[in-house]
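Inspection log for the structure reproduced underneath, given as structure tokens.
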Amino acid sequence: GKEIKDAVLTVTGKTGDGAAITPITFTTDGETVHNIVLAKKASDIADDKAEHLLPGDYTLTETTAPEGYIKAESINFTITSDLKVMVNGQDANGQIIMKDDYAKHTVEISKQDIAGKEIAGATLTVTGTDSSGNDVSLTFETDGKEPHKFSLRPGTYTLTEITAPDGYEKAESIKFTVDVTGKVTVNDEEVKQVVMTDQYAHHDVTIKKVDENGKIVKGAELTITGKEVSGAEVKPVSFTTGDSDTTISVKPGSYKITETKVPEGYEKAEEVSFEIGTNGALTVNGQVATAITIVDKTKTYPIVFSKEDVN
């Protein structure tokens, strides 16, 4: 119900005697209604330069819609001999209201990994309410090739990840707005597209600490260092082996395991390098594996024999 600025409107038609009027064209100012004088006959008009209409049949047409709006349908109306304004056979009480609907704007939604690459297999929804009060709920699946495009009216919306692709974690929801000009805003900043980034999921890795005979070795302190595929250094993680295998959870990347404390009676194991792929595949020292096995060798002690005389 708010007045709109910069709409160009034109009134055309014929008076009751069949004479075509000179079209009346005006531009709305967004603040006040536009008034046209009504008169039963031309001689009743005090100012012959004033915009006026005599009894007859007319059409109000929007020739130019303001930015962000769709042209409204034309409105036919009649001025009766007693100067009533009739629209569709109903008394309009002297006022003709033309409503412009909001135009739709293309909004791009990009689903990316941490490297900025489009990801396939994510199920996303866009929900919200447009400026006309209509509820919006749209669901789609990403194809990993290009951003998904929607046509949305101005409003406030939320992008939510329903299902993350294999190997990724669900991202947090993103709120965004679309204004009447089509400008898209996220966190008060204008954006060309709404970008939702998925972090790689964690994967469990089993670490076995054994001796040469495959028996579990307790009391060894191991430390894991390395980098995730994003290039971020991971904080070193240390743990002490117990009565069973140890399971750790890490993101895809390249890592090393170093024995930082050796149990009594064993020799320090060699450093082990391993990688976790984005699909969770484990590679140890360049070989595909299902677990990481670190072997501590049992220490050996030399025996010294001495042969002496009685002196």
Side-chain angles (χ1 to χ4, degrees), residues 1-107 126-138 149-158 176-185:
K2 182 181 178 182
E3 290 292 324
I4 303 174
K5 184 180 180 182
D6 294 334
V8 180
L9 306 180
T10 299
V11 178
T12 56
K14 295 180 179 180
T15 61
D17 59 7
I21 68 167
T22 300
I24 299 172
T25 300
F26 58 94
T27 301
T28 59
D29 63 11
E31 297 179 0
T32 58
V33 296
H34 190 83
N35 292 306
I36 296 177
V37 177
L38 302 183
K40 292 183 178 181
K41 54 185 184 298
S43 59
D44 293 339
I45 306 298
D47 182 0
D48 59 3
K49 293 183 180 179
E51 294 175 341
H52 65 275
L53 291 174
L54 302 179
D57 295 314
Y58 303 97
T59 301
L60 175 64
T61 303
E62 184 168 25
T63 53
T64 304
E67 183 181 9
Y69 293 89
I70 300 171
K71 280 185 185 179
E73 292 186 1
S74 296
I75 298 174
N76 296 318
F77 65 98
T78 298
I79 307 297
T80 65
S81 58
D82 57 356
L83 302 185
K84 286 185 178 181
V85 179
M86 307 295 291
V87 178
N88 294 326
Q90 301 293 319
D91 188 349
N93 296 316
Q95 188 175 44
I96 299 174
I97 300 174
M98 176 176 275
K99 294 183 178 181
D100 278 0
D101 197 359
Y102 292 103
K104 288 187 175 182
H105 303 278
T106 300
V107 177
V126 174
T127 56
T129 305
D130 66 24
S131 296
S132 297
N134 302 309
D135 290 334
V136 175
S137 181
L138 304 166
K149 295 181 180 179
F150 279 117
S151 290
L152 296 173
R153 289 187 177 91
T156 301
Y157 303 94
T158 301
F176 65 96
T177 59
V178 182
D179 73 5
V180 294
T181 66
K183 182 174 73 174
V184 180
T185 304

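Every heavy atom of this structure was used, including side-chain atoms; hydrogens, water molecules and symmetry mates were not. What you see is a predicted model; the values in this text were computed from it and never measured. Counting begins at 1 with the first residue of the sequence.
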| Hey, does Asp130 have a side-chain heavy atom less than 4.5 Å from the side chain of Tyr102? | no
Distance-only donor-acceptor pairs under 3.5 Å for side chains of residues 69-77, two or more places apart:
| unit_1 | atom_1 | unit_2 | atom_2 | d |
| --- | --- | --- | --- | --- |
| Lys71 | NZ | Thr63 | O | 3.1 |
| Ser74 | OG | Thr61 | OG1 | 3.2 |
| Asn76 | OD1 | Thr59 | OG1 | 2.7 |

| said: Could you walk me through whether Ile36 and Val11 satisfy the side chain to side chain contact (heavy atoms under 4.5 Å, CB included) test, starting with their C-alpha distance in whole Å, then the side-chain angles of each, then the deciding distance to 0.1 Å, before giving a yes or no? | reply: CA-CA 10 Å; Ile36 296 177; Val11 178; 4.2 Å; yes
| Between atom NZ of Lys40 and atom OG1 of Thr80, what is the distance when rounded to the nearest 0.5 Å? | 9.0 Å
| request: Would you name the heavy atoms of Leu54 and Ala39 that are closest together and state the gap between them? | output: CD2-O, 3.1 Å
| Listed by chain and number, what are the side-chain contact (heavy atoms from CB on, under 4.5 Å) partners of Asp101, not counting sequence neighbours? | Ser132, Arg153
| field | Separation between CG of Asp82 and CG of Leu38, rounded to the nearest 0.5 Å | value | 11.0 Å
| field | Partner set under side-chain contact (heavy atoms from CB on, under 4.5 Å) for Asp91, not counting sequence neighbours | value | Lys84, Met86, Asn93
| query | Closest heavy-atom contact between Gly155 and Ser131? | reply | N-OG, 3.8 Å
| Could you walk me through whether Val37 and Leu53 pass the side chain to side chain contact (heavy atoms under 4.5 Å, CB included) check? | CA-CA 6 Å; Val37 177; Leu53 291 174; over 6 Å; no
| message | Can you list everything that forms a side-chain hydrogen bond (donor to acceptor under 3.5 Å, both in side chains) with Asn35? Sequence neighbours excluded, please. | response | none
| What distance separates Thr28 OG1 from Lys5 NZ, expressed to the nearest 0.5 Å? | 9.5 Å
| remark: In this structure, OG1 of Thr127 is separated from OH of Tyr157 (nearest 0.5 Å) by 10.5 Å
| remark: Closest non-hydrogen atoms of Asp179 and Lys183, given as atom of the first, atom of the second and distance, are OD1-N, 2.8 Å
| task | Would you please name every residue forming a side-chain hydrogen bond (donor to acceptor under 3.5 Å, both in side chains) with Thr10, sequence neighbours left out? | result | Thr25
| request: Determine yes or no for a side-chain-to-main-chain donor-acceptor pair under 3.5 angstrom, with His105 supplying the side chain and Pro154 the backbone. | output: no
| query | Considering the options Thr156, Thr185, Val107, which one meets the side chain to side chain contact (heavy atoms under 4.5 Å, CB included) requirement together with Phe176? | reply | Val107
| query | What residues form a side-chain contact (heavy atoms from CB on, under 4.5 Å) with Ala50, not counting sequence neighbours? | reply | Asp47
| request: Report yes if some heavy atom in the side chain of Tyr58 is under 4.5 Å from a heavy atom in the side chain of Ile79; otherwise report no. | output: yes
| query | Going by heavy atoms in the side chains, are Pro55 and Leu83 under 4.5 Å from each other? | reply | yes
Please output the side-chain donor-acceptor pairs of residues 16-24 that fall under 3.5 Å, not counting sequence neighbours, one pair per line with the distance.
| unit_1 | atom_1 | unit_2 | atom_2 | d |
| --- | --- | --- | --- | --- |
| Asp17 | OD1 | Thr15 | OG1 | 2.3 |
| Asp17 | OD1 | Ala19 | N | 3.2 |

| request: Identify the heavy atoms of Leu60 and Met98 that sit nearest to each other, and give their distance. | output: O-CE, 3.4 Å
| If we only count heavy atoms from C-beta on, is the Lys14 to Asp57 side-chain gap below 4.5 Å? | no
| What residues, two or more places apart in sequence or in another chain, satisfy side-chain hydrogen bond (donor to acceptor under 3.5 Å, both in side chains) together with Thr64? | none
| said: Please enumerate all residues that pass side-chain contact (heavy atoms from CB on, under 4.5 Å) together with Gln95, with sequence neighbours excluded. | reply: Val33, Ile97
| field | Check: Val136 and Leu152 side chains under 4.5 Å, non-hydrogen atoms | value | yes
| remark: To the nearest 0.5 Å, atom CD of Glu3 lies from atom NE2 of His34 at 12.0 Å
| query | In chain order, what residues pass the salt bridge (charged side-chain N to carboxylate O under 4.0 Å, His left out) check against Asp100, with sequence neighbours excluded? | reply | none
| task | Would you please name every residue forming a salt bridge (charged side-chain N to carboxylate O under 4.0 Å, His left out) with Asp44, sequence neighbours left out? | result | Lys41
| said: Holding to salt bridge (charged side-chain N to carboxylate O under 4.0 Å, His left out), I want the full list of residues that pass it with Lys99, two or more places apart in sequence or in another chain. | reply: none
